[in-house]
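Only one structure is covered here, and it is reproduced in the block below.
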There are 2 protein chains.
Amino acid sequence: MLELQQNALLGLLPEEDLAHLLPHLEQVTLSLGQSLSESGRQMSHVYFPLDSIVSLLCVMEDGASTEIAVVGYEGVVGVSLFMGGETTPSRAIVQSAGKAYRLKGQLLKNEFYRAGPMQRLLLRYTQALLTQMAQTAVCNRHHSVDQQLCRWLLLSLDRLPGDKLIMTQELIANMLGVRREGVTESAGKLQRAGLISYNRGHITIIDRPGLEKRVCECYAVVKREYDRLLNHHDVM
Amino acid sequence: MLELQQNALLGLLPEEDLAHLLPHLEQVTLSLGQSLSESGRQMSHVYFPLDSIVSLLCVMEDGASTEIAVVGYEGVVGVSLFMGGETTPSRAIVQSAGKAYRLKGQLLKNEFYRAGPMQRLLLRYTQALLTQMAQTAVCNRHHSVDQQLCRWLLLSLDRLPGDKLIMTQELIANMLGVRREGVTESAGKLQRAGLISYNRGHITIIDRPGLEKRVCECYAVVKREYDRLLNHHDVM
DNA sequence: AGGCTTATGTACGTTAGCGTACTGAGTTGG
DNA sequence: CCAACTCAGTACGCTAACGTACATAAGCCT
């Protein structure tokens with residue numbers, strides 16, 4: 001029961017509503033690179049990450065991709081199910097291996113259409129997701145790779161228990177939609193500045209406040225909006 | 001009554017649901033540059049554009065802005081009201097003057113929480129909006145100003161009755177989040193190619209198929225998703 | 001140990017878009 | 001009718017990021 005609280009969204013549900021879902025929540029392990037949702041394909045389940053992180057990516061015809069949002073313990077993968085579209089033109093890829101609860105899509109929809117706390121919660125979450133996407137668009141337009149890398153690191157860090165993440169520069173480049181070499185350069189700067197330490201796919205954050213000083217405003221805008229929309233007081 | 005059908009979202013509503021709203025829909029004229037929603041401020045009304053176009057913009061601390069989505073007769077301005085957040089960190093600015101229906105926020109919320117066709121419709125629309133934002137993020141990352149201008153022109157054109165739009169290059173630049181000079185250059189290319197004609201704030205589209213040949217895939221992705229999510233057959 | 005694979009670092013030249021400055025052509029209003 | 005203003009076009013140097021190529025280094029497997 002305590003473990004359920006690891007997903008903030010589920011943790012915000014009143015006990016009796018959670019009780020509805022409890023028997024149907026199935027804990028699964030997500031492995032790095034695993035796809036939870038393919039462009040245009042209907043999802044059978046939605047996922048509530050615990051210590052895993054999932055990236056929502058837009059993939060283009062030429063194979064280039066861009067991360068448009070990231071989902072961790074604070075959210076759920078599969079909003080298109082209850083929004084009514086059933087599918088999306090984006091992909092959901094596991095960016096950091098870990099646990100998640102999964103729930104049959106139909107059961108989530110049933111719960112959603114009861115129009116109770118779960119619906120309110122999911123809608124607020126979706127609005128937060130909207131903000132994250134919007135800010136990603138802005139960041140892509142106006143900010144340097146350096147700043148975007150900081151944003152990405154902080155967003156990931158906020159969704160992980162420790163101060164380490166397992167992620168090659170190649171993969172980060174795919175997420176940000178930039179060259180791998182660009183990530184090498186930016187990460188090098190951060191490393192020389194003593195903010196992070198990089199070691200063959202293992203990143204350790206040494207100086208988080210230092211990262212926060214370098215990041216663009218986009219990070220704070222998104223974080224503030226998540227805090228506002230998903231705090232216990234206002235939602236329920 | 002026929003006029004109501006000018007807003008596709010309202011037009012998709014079953015007659016009896018529309019009847020609920022009808023007495024409260026107030027036709028207003030939106031003028032170029034008018035703000036319908038400021039960052040963090042609660043909206044008193046939502047707007048269903050008829051022949052007007054509204055841009056959703058993210059404005060940054062330094063004043064630079066980027067359009068994250070555009071709303072015309074196919075949609076509604078103010079999704080944050082029914083999504084539960086009440087406010088958003090973005091602005092809504094009238095990009096093309098014209099008519100719209102407006103509706104008191106509270107009335108829309110009441111209708112939404114009846115959990116009938118209006119709710120389903122608004123949620124599907126919100127998902128389409130989500131896709132538009134995601135694709136804007138991708139486009140900002142990967143495509144040239146030339147392509148983005150084409151996308152922008154086509155998106156606008158799809159929401160206007162004729163083949164003309166009133167819009168200075170300065171304003172387009174603000175929308176796209178690029179320099180005014182960049183727009184001049186790109187628009188110049190389109191003009192020399194005989195696709196558009198530009199005249200002190202008055203653009204006439206001469207060769208729409210030509211534009212469609214130059215535009216990046218982002219335009220089609222978004223259009224397809226709007227068609228899929230908001231066609232009469234699936235929604236009701 | 002030694003060879004293979006994968007991850008990272010570095011070094012080019014190229015280019016799109018930026019910042020800035022200025023010109024000229026329409027439009028408006030006194 | 002002329003001044004003031006707005007809008008569009010052009011030019012030029014600058015920088016961030018790109019594409020490409022190659023070099024090291026760290027882990028992995030036999």
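Throughout, protein chains are lettered first and strands after them, A, B, ... in sequence-line order, and every chain is numbered starting at 1.
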Each base of DNA chain C marked ( ) or [ ] if paired in-strand (Watson-Crick or G-U under 3.5 Å), | if paired to another strand and . if unpaired gives ||||||||||||||||||||||||||||||

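- Between atom OH of residue A:Tyr198 and atom OG1 of residue A:Thr168 there is a gap of 6.0 Å, rounded to the nearest 0.5 Å.
- For B:Leu157, the side chain to side chain contact (heavy atoms under 4.5 Å, CB included) partners are B:Leu165, B:Ile205, B:Arg208, not counting sequence neighbours.
- Every pair passing salt bridge (Lys or Arg N to Asp or Glu O under 4.0 Å) that includes a residue from residues 135-150 of chain B is listed here, sequence neighbours excluded: B:Asp146-B:Lys189.
- Rounded to the nearest 0.5 Å, atoms CG (A:Leu25) and NZ (A:Lys104) are 12.0 Å apart.
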Per-nt protein contacts along nucleotides 3-15 of chain C (heavy atom under 4.0 Å; B base, S backbone sugar-phosphate only, - none) come out as ---BBBBB-----

Return a table of donor-acceptor pairs under 3.5 angstrom between the side chains of residues 55-64 of chain A and protein atoms on other chains or two or more places apart.
unit_1  : atom_1 : unit_2  : atom_2 : d
A:Ser55 : OG     : A:Glu67 : OE2    : 2.6
A:Ser55 : OG     : A:Gln95 : NE2    : 2.5
A:Asp62 : OD1    : A:Ala64 : N      : 2.9

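- A distance of 9.5 Å separates CZ of A:Arg124 from CD of A:Glu225, quoted to the nearest 0.5 Å.
- Only at 4.0 angstrom or more do the heavy atoms of residues 132-157 of chain B sit from any atom of DNA chain D, so none qualifies.
- With a cutoff of under 4.0 Å to any heavy atom of chain B, the contacted region of DNA chain D is bounded 5' to 3' by D:dT6 to D:dT10.
- Not counting sequence neighbours, the partners of B:Ala220 by the side chain to side chain contact (heavy atoms under 4.5 Å, CB included) test are B:Arg224.
- No side-chain donor-acceptor contact under 3.5 Å links A:Arg91 and A:Ser65.
- Residues in residues 125-138 of chain B take part in these side-chain hydrogen bond (donor to acceptor under 3.5 Å, both in side chains) pairs, two or more places apart or across chains: B:Gln132-B:Tyr226.
- Applying the side chain to side chain contact (heavy atoms under 4.5 Å, CB included) criterion to B:Glu185, with sequence neighbours excluded, gives no partner residue.
- Residues meeting the side chain to side chain contact (heavy atoms under 4.5 Å, CB included) test with B:Arg180, sequence neighbours left out: B:Gln169, B:Glu170, B:Ala173, B:Thr184.
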Run the side-chain donor-acceptor check on residues 42-51 of chain B: report pairs under 3.5 Å with partners two or more places apart or on a different chain.
unit_1  : atom_1 : unit_2  : atom_2 : d
B:Gln42 : NE2    : B:Glu86 : OE1    : 2.5
B:Asp51 : OD1    : B:Lys99 : N      : 2.6

